[in-house]
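Here, residue 1 is the first one in the sequence, and each next residue gets the next number.
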Amino acid sequence: MQQSLAHVALVVRDYDEALAFYVDTLGFRLVEDSEIPEQNKRWVVVAPPGSAETSLLLAQASTRQQEPFVGNQTGGRVFLFLKTDDFWRDYRRFQDAGVGFAEEPREEAYGTVVVFEDLYGNRWDLVQYRS
């Protein structure tokens with residue numbers, strides 16, 4: 001048996017503002033942006049550079065019940081982990097692009113890491129694991 005995660009749904013306020021952040025600010029690539037008129041939705045998928053299997057499905061909140069989860073999908077815990085092959089390159093690029101960091105970079109037994117926030121306040125780890 002072989003299984004893998006294909007998409008992780010991320011609840012967003014607006015498709016286009018989320019695309020601007022993930023594609024223009026973080027440098028993710030746009031995988032797909034298709035209209036689903038019968039549901040009044042879009043299928044919007046982005047992925048980090050070099051990611052072959054796992055991607056983010058940007059899911060615009062469409063009900064009042066979904067709206068409070070924009071930016072708070074995990075109650076303030078780090079939600080997603082962006083693995084990089086060059087921590088300092090990406091850290092500086094994110095800094096230059098205005099990404100907000102919740103702390104200073106730190107060295108841990110497993111690698112170099114820093115917590116950053118997306119445009120909605122979801123917390124991410126930018127991490128370069130030790131070999």
Side-chain angles (χ1 to χ4, degrees):
M1 177 188 287
Q2 183 176 354
Q3 298 178 337
S4 63
L5 290 177
H7 310 293
V8 175
L10 180 66
V11 181
V12 300
R13 182 176 36 242
D14 178 82
Y15 292 119
D16 294 322
E17 73 180 5
L19 274 172
F21 179 80
Y22 286 101
V23 173
D24 299 337
T25 302
L26 294 186
F28 285 25
R29 65 184 164 81
L30 177 61
V31 175
E32 184 175 355
D33 185 354
S34 302
E35 296 284 337
I36 307 174
E38 61 276 7
Q39 295 179 18
N40 194 30
K41 294 181 181 178
R42 288 161 57 186
W43 182 259
V44 180
V45 179
V46 298
S51 180
E53 292 191 23
T54 306
S55 57
L56 282 180
L57 171 66
L58 303 179
Q60 183 170 296
S62 59
T63 66
R64 274 189 272 160
Q65 291 82 5
Q66 294 171 5
E67 289 172 3
F69 295 98
V70 173
N72 192 29
Q73 290 193 207
T74 58
R77 289 190 61 121
V78 169
F79 174 45
L80 297 164
F81 299 78
L82 183 58
K83 178 182 166 186
T84 179
D85 63 345
D86 187 333
F87 178 88
W88 294 106
R89 174 200 63 212
D90 292 339
Y91 174 72
R92 288 195 254 314
R93 187 170 56 82
F94 287 5
Q95 272 187 316
D96 292 345
V99 173
F101 291 92
E103 62 183 20
E104 293 298 315
R106 64 186 194 280
E107 294 294 327
E108 296 290 347
Y110 57 85
T112 308
V113 64
V114 69
V115 176
F116 72 93
E117 294 183 351
D118 70 14
L119 74 164
Y120 301 113
N122 291 303
R123 294 167 65 92
W124 291 64
D125 270 1
L126 174 64
V127 59
Q128 182 175 4
Y129 293 106
R130 294 200 201 300
S131 310

[X] atom [atom1]: more than 12 heavy-atom contacts under 6.0 Å:
{"X": "Y120", "atom1": "OH", "result": "yes"}
{"X": "Q39", "atom1": "CD", "result": "yes"}
{"X": "N40", "atom1": "CG", "result": "no"}

**Prompt:** Is any side-chain N of the basic residue among R93 and D90 closer than 4.0 Å to the acidic one's carboxylate O?
**Reply:** yes
**Prompt:** Salt bridge between R130 and E107, side-chain N to carboxylate O under 4.0 Å?
**Reply:** yes
**R106 and E108, any side-chain heavy atoms less than 4.5 Å apart** = yes
**Request:** Run the numbers on F101 and Y91 for ring pair (Phe, Tyr, Trp, His ring centres under 6.0 Å), then give the verdict.
**Result:** CA-CA 10 Å; F101 291 92; Y91 174 72; 4.8 Å; yes
**Item:** Q60 side-chain N/O to V12 backbone N/O, donor-acceptor pair under 3.5 Å
**Value:** no
**Prompt:** Is there a donor-acceptor contact under 3.5 Å from the side chain of Q128 to the main chain of D85?
**Reply:** yes
**Asked** What pairs meet the side chain to side chain donor-acceptor pair (under 3.5 Å) rule with one or both residues in residues 1-11, with sequence neighbours excluded?
**Response** S4-E53, H7-S55
**Prompt:** T63 and E67: side-chain donor and acceptor closer than 3.5 Å?
**Reply:** no
**Prompt:** Would you say the side chains of Y15 and D33 form a donor-acceptor pair under 3.5 Å?
**Reply:** no
**Message:** Which residues pass the salt bridge (charged side-chain N to carboxylate O under 4.0 Å, His left out) test with E17, not counting sequence neighbours?
**Reply:** R13
**Complete:** R123 and A102 have their tightest heavy-atom pair at NH1-CB, 3.6 Å
